[in-house]
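Some notes on the structure that comes next.
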Amino acid sequence: MAGFVFFGFAWAGWIYSTFIMEKTNPYRFPIAAYLLVTIILSVFKIRFLGLDISLATLFLLFISFLTFIKLPFWKLLYCTIGVFIVSSATAVFYLMSLDDLVWIFIDQQILLSFLGTCLAVLLFKEYKARIFSSIIGLIQGDILYAIILKKFPIDFPIGGFALLDGLALTCVFITTWSGFEYLQATFEHKNFQQKKEKQL
């Protein structure tokens, strides 16, 4: 059922950030606030230029864009190119899914999340950049797909619960991958320190 994955991870993230995360953590309040607002707005939508747009996706776009505004010009340019790649890949993925029987056996949002995660990991090194670039890329790809379908008698809502499921899975996949990278770097650092102490 569309939305089940999104609500499950969003509520779990909100509970963790609100009641379990350390109060001294500077990301505690922003994460809890963003998740709660996204959950509330997920059931509302507006109609703009003949397209139904979820308020939750507009909110996520706004927050994600804010994270890139303060970047230096060349880094912002690189992030823009990376987001464009993710957006284009998402739109192409949707178009290919219209005429491919593989979706009968594999859930479309799982494949989309896997695609978004791979691109984010390959294009960006920082965890925050991976998360917000994938959010922008997937949403913009959804918008582009809806605009293409508008030329035909097909009404496609932008930012529906299916996309929110995909965004939630993508964030979980990226967090998991980045966590493994952190553990690997920590393990390698400890080994290096141990070898250095033995040499001394």
- Begin from the C-alpha positions of Cys79 and Phe132 and carry the test side-chain contact (heavy atoms from CB on, under 4.5 Å) through to its verdict. CA-CA 10 Å; Cys79 290; Phe132 290 112; over 6 Å; no
So which atom in [X] and which in [Y] form the shortest heavy-atom distance, rounded to 0.1 Å?
| X | Y | result |
| --- | --- | --- |
| Val5 | Asp165 | N-OD1, 3.4 Å |
| Asp142 | Pro157 | OD2-O, 4.0 Å |
| Ala91 | Leu144 | CB-CD2, 3.6 Å |
| Leu163 | Gly159 | CD2-CA, 3.5 Å |
| Ala56 | Thr38 | CB-O, 3.7 Å |
| Ala89 | Leu119 | CB-CD1, 3.6 Å |

Please examine the side chains of Ile46 and Leu58, heavy atoms only from C-beta on, and report whether any two atoms are closer than 4.5 Å.
-> yes
- Would you say Phe93 and Leu111 make side-chain contact, with heavy atoms under 4.5 Å? yes
Could you tell me whether a side-chain N or O of [X] sits under 3.5 Å from a main-chain N or O of [Y], the two making a donor and an acceptor?
| X | Y | value |
| --- | --- | --- |
| Tyr78 | Leu123 | yes |
| Ser42 | Ile39 | yes |
| Ser133 | Arg130 | yes |
| Ser178 | Thr175 | no |
| Arg28 | Lys23 | no |

Under a 4.5 Å side-chain heavy-atom rule over Ile, Leu, Val, Met, Phe, Trp and Tyr, are [X] and [Y] clustered together?
| X | Y | value |
| --- | --- | --- |
| Leu76 | Leu61 | yes |
| Phe29 | Ile40 | no |
| Tyr16 | Leu167 | yes |
| Ile85 | Ile174 | yes |
| Leu115 | Val121 | no |

- Task: Before giving the answer on side-chain contact (heavy atoms from CB on, under 4.5 Å), spell out for Phe6 and Gln109 the whole-Å C-alpha distance, their side-chain angles and the decisive distance to 0.1 Å.
- Result: CA-CA 11 Å; Phe6 161 70; Gln109 295 306 319; over 6 Å; no
Residues passing the side-chain hydrogen bond (donor to acceptor under 3.5 Å, both in side chains) test with Asp52, sequence neighbours excluded, are Arg47
Separation of [Y] [atom2] from [X] [atom1] (nearest 0.5 Å):
| X | Y | atom1 | atom2 | value |
| --- | --- | --- | --- | --- |
| Ile147 | Ile143 | CD1 | CD1 | 7.0 Å |
| Lys128 | Ser64 | NZ | OG | 11.5 Å |
| Leu164 | Leu60 | CG | CG | 7.0 Å |
| Thr18 | Trp11 | OG1 | CH2 | 9.0 Å |
| Leu35 | Phe9 | CG | CZ | 12.5 Å |
| Ile53 | Lys45 | CD1 | NZ | 11.0 Å |

Can you confirm if the aromatic rings of Phe19 and Trp14 lie within a centre distance of less than 6.0 Å? yes
May I have the step-by-step check of side-chain contact (heavy atoms from CB on, under 4.5 Å) for Tyr145 and Thr90, ending in yes or no?
CA-CA 8 Å; Tyr145 179 62; Thr90 301; over 6 Å; no
Quiz item: Does a sphere of radius 6.0 Å around NZ in Lys150 hold more than 12 heavy atoms from other residues, nucleotides or ligands, not counting ones at 6.0 Å or beyond?
Solution: yes
With Phe65 as partner, the option from Ile135, Ile136, Val83 fulfilling side chain to side chain contact (heavy atoms under 4.5 Å, CB included) is Ile136
*asked:* The test is side-chain contact (heavy atoms from CB on, under 4.5 Å); show your working for Thr186 and Leu183 and say whether it passes.
replied: CA-CA 5 Å; Thr186 302; Leu183 290 176; 5.6 Å; no
_Below 30° counts as parallel, above 60° as perpendicular, anything between as tilted: where do the rings of Phe161 and Phe7 land?_
tilted
Taken in chain and number order and not counting sequence neighbours, the residues that satisfy side-chain contact (heavy atoms from CB on, under 4.5 Å) with Phe173 are Ser113, Thr117, Leu169
